[in-house]
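What follows is a single structure, written as structure tokens, with notes after it.
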Amino acid sequence: MKTERETTRIVRSWLEIGADRLPDRVLDSVLEQLPQHRQRRRPLLRQGRFSPMNPLAKTAIAAAAVLVVAVLGYNFLPRTGSVGISIPSPTPSPSPPAPSSSALVLNLKVVYTPSATGGSVKWAPNTLSAPADEAFQIAMKVPQELNGDTHNLWIVTPSQLETERAAIVDRTGEAIFRGGDSLEYGTKTYDIPALKAGTYYFVCTYYLASMQGTLTVP
Amino acid sequence: MDTELVRRAQHGDEQAFASLAVVVGDRLHAVAHRILRDIELAEDATQRALLSIWQDLPRLRDPARFDAWSYRLLVRACYAEARRTQHWNPSLRLLPTDEPETGEGLGSVFDRDQLERGFRRLSIDHRAVVVLHHYLDLPLESVAETLGVPLGTVRSRLHYAMRGLRAALEADARPTAREATR
């Protein structure tokens with residue numbers, strides 16, 4: 001019988017055997033394909049194009065901004081009984097269509113637990129329930145500390161999760177619902193089509209191992 | 001890792017990315033080959049991973065974490081390749097071996113064969129943990145960070161995988177049916 005240490009030693013020396021040089025043709029092929037693969041960029045403010053500002057400069061600019069607003073306000077805002085430049089009140093802009101008041105909205109949070117090794121992310125709550133044969137919404141809230149981290153929401157059946165796991169991770173697998181990516185913090189609302197009664201999983205394909213909750217449709 | 005090179009590549013500098021790919025390509029390929037156990041699949045996975053790295057580099061917030069991040073993309077690429085091909089079969093069923101053991105020198109060859117079979121039975125999740133920890137020598141905490149899973153998950157995957165590999169090695173040591181009836 002082999003001891004644990006012996007097994008580790010054998011496995012380690014076995015892993016030493018194998019390819020250790022990427023053929024030039026593969027590298028050449030990658031470099032040739034670069035122009036056809038555009039880089040996916042984050043919104044400008046989060047790309048680090050602006051170098052971090054020192055706190056003193058921040059305070060000075062904020063103070064200057066307050067002063068400018070105060071001076072402008074004193075000089076130009078209309079006062080009772082005085083003549084001045086009247087500023088037209090802003091026309092209300094159309095707000096995005098509100099979800100149907102009758103649609104059920106399930107709230108879901110992405111919870112981040114920091115640790116010395118980088119932390120972990122999970123759903124909260126980990127179980128949801130929705131009525132059968134009725135469309136509903138899931139409002140996914142991403143905390144500020146995960147800004148820039150990609151999350152999404154897919155709904156899959158247990159058999160899809162079992163047989164399509166690798167493809168789901170690669171975002172090519174079969175699913176009942178495929179929600180788009182969220183790159184910023186805040187709330188992203190997904191419109192979920194009516195589901196038949198049964199048990200489903202709601203997952204984030206980027207963190208499939210830790211972000212896997214159960215959706216019950218009674 | 002040269003973080004300046006990473007920064008330049010993040011801003012679309014193809015020359016910088018070419019230099020980066022030369023630096024990391026061999027290592028990524030070596031890891032892919034050890035996970036997938038197939039040279040062609042490993043080449044495809046490495047190619048796919050390098051293109052993903054190029055596309056997603058602007059989203060990498062801390063260039064100093066490039067290594068861990070690139071391994072994560074590589075493991076995803078390995079998933080994709082394993083899925084795409086019919087060569088990979090995680091539930092491979094083995095026929096019992098009937099080969100006699102003929103000395104200690106050949107014992108290591110048997111070990112290698114049995115390990116190969118035992119390893120092919122593991123999922124990509126389990127293989128990745130074994131390779132990152134036992135081939136790249138990454139501590140378990142770094143493996144967890146690289147794969148984006150909790151430390152406990154890494155520990156349990158490693159335990160399960162090593163138990164499977166140990167069982168595969170011990171299967172070799174058991175007497176064959178022919179020997180048992182002698």
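Since the structure is predicted, the reported quantities are computational estimates derived from the model, not experimental observations. Both backbone and side-chain heavy atoms feed into the values below; hydrogens, waters and symmetry mates do not. A note on names: the letters A, B, ... follow the listed sequences, proteins ahead of strands, and every chain is numbered from 1.
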*Atom CD of A:Gln36 with >12 non-hydrogen neighbours under 6.0 angstrom*: yes

*In terms of heavy-atom proximity below 4.5 Å to chain B, should A:Ser13 be classed as side chain, backbone, both, or neither?*
neither

*asked:* Just verifying a value: how many Å separate B:Met162 CE and A:Thr7 OG1, rounded to the nearest 0.5 Å?
replied: 6.0 Å

_Would the distance check show the side chain of B:Trp54 and the main-chain N or O of A:His37 forming a donor-acceptor pair, the cut-off being under 3.5 Å?_
yes

*Are any side-chain N or O atoms of B:His33 and backbone N or O atoms of A:Gly18, one a donor and one an acceptor, separated by less than 3.5 Å?*
no

*Is the OH atom of B:Tyr135 crowded by more than 12 outside heavy atoms at less than 6.0 Å?*
yes

*Please round to the nearest 0.5 Å and tell me the distance separating atom CG of B:Asp137 and atom CG of A:Leu15.*
10.5 Å

*asked:* Given A:Leu22, which partner from the list B:Leu50, B:Val22, B:Leu28 fulfils the side-chain contact (heavy atoms from CB on, under 4.5 Å) test?
replied: B:Leu50

*asked:* Counting only heavy atoms from other residues, nucleotides and ligands, does the tally under 6.0 Å from OH of A:Tyr201 exceed 12?
replied: no

_Run the salt bridge (charged side-chain N to carboxylate O under 4.0 Å, His left out) test against B:Arg37 and tell me which residues pass, sequence neighbours left out._
B:Glu116

_Gap separating the NE2 atom of B:His29 from the CG atom of A:Asp20, nearest 0.5 angstrom_ = 8.5 Å

*Check each atom of A:Arg38 against the heavy atoms of chain B and say whether the ones under 4.5 Å are side chain, backbone, both or neither.*
backbone

_A:Ser210 versus B:Pro150, closest heavy-atom pair with distance_ = CB-CD, 4.1 Å

*Would you call A:Val30 and B:Leu51 a side-chain contact if the rule is heavy atoms closer than 4.5 Å?*
yes

*Heavy-atom proximity to chain B below 4.5 Å, by part of A:Leu34*: both

*asked:* Please evaluate residues A:Leu31 and B:Glu14 with respect to the criterion side chain to side chain contact (heavy atoms under 4.5 Å, CB included), reporting the C-alpha separation (whole Å), side-chain torsions for both, the decisive distance (0.1 Å), and the verdict.
replied: CA-CA 8 Å; A:Leu31 299 178; B:Glu14 292 186 9; over 6 Å; no

*Would you mind checking which part of A:Leu208 comes under 4.5 Å of any heavy atom in chain B, side chain (CB onward), backbone (N, CA, C, O), both or neither?*
neither

*asked:* Out of B:Glu43, B:Gln47, B:Arg34, return the one with the most heavy atom pairs under 4.5 angstrom to chain A.
replied: B:Arg34

*Heavy-atom distance under 4.5 Å between the side chains of A:Ile10 and B:Arg166, does that happen here?*
no

*For the pair A:Gln39 (side chain) and B:Gly12 (backbone), establish whether a donor and an acceptor sit closer than 3.5 Å, ignoring hydrogens and angles.*
yes

*Roughly how far, to the nearest 0.5 Å, is the NE2 atom of B:His134 from the CD atom of A:Glu16?*
12.5 Å

_Side chain, backbone, both or neither of B:Val130 within contact of chain A (heavy atoms, under 4.5 Å)_ = both

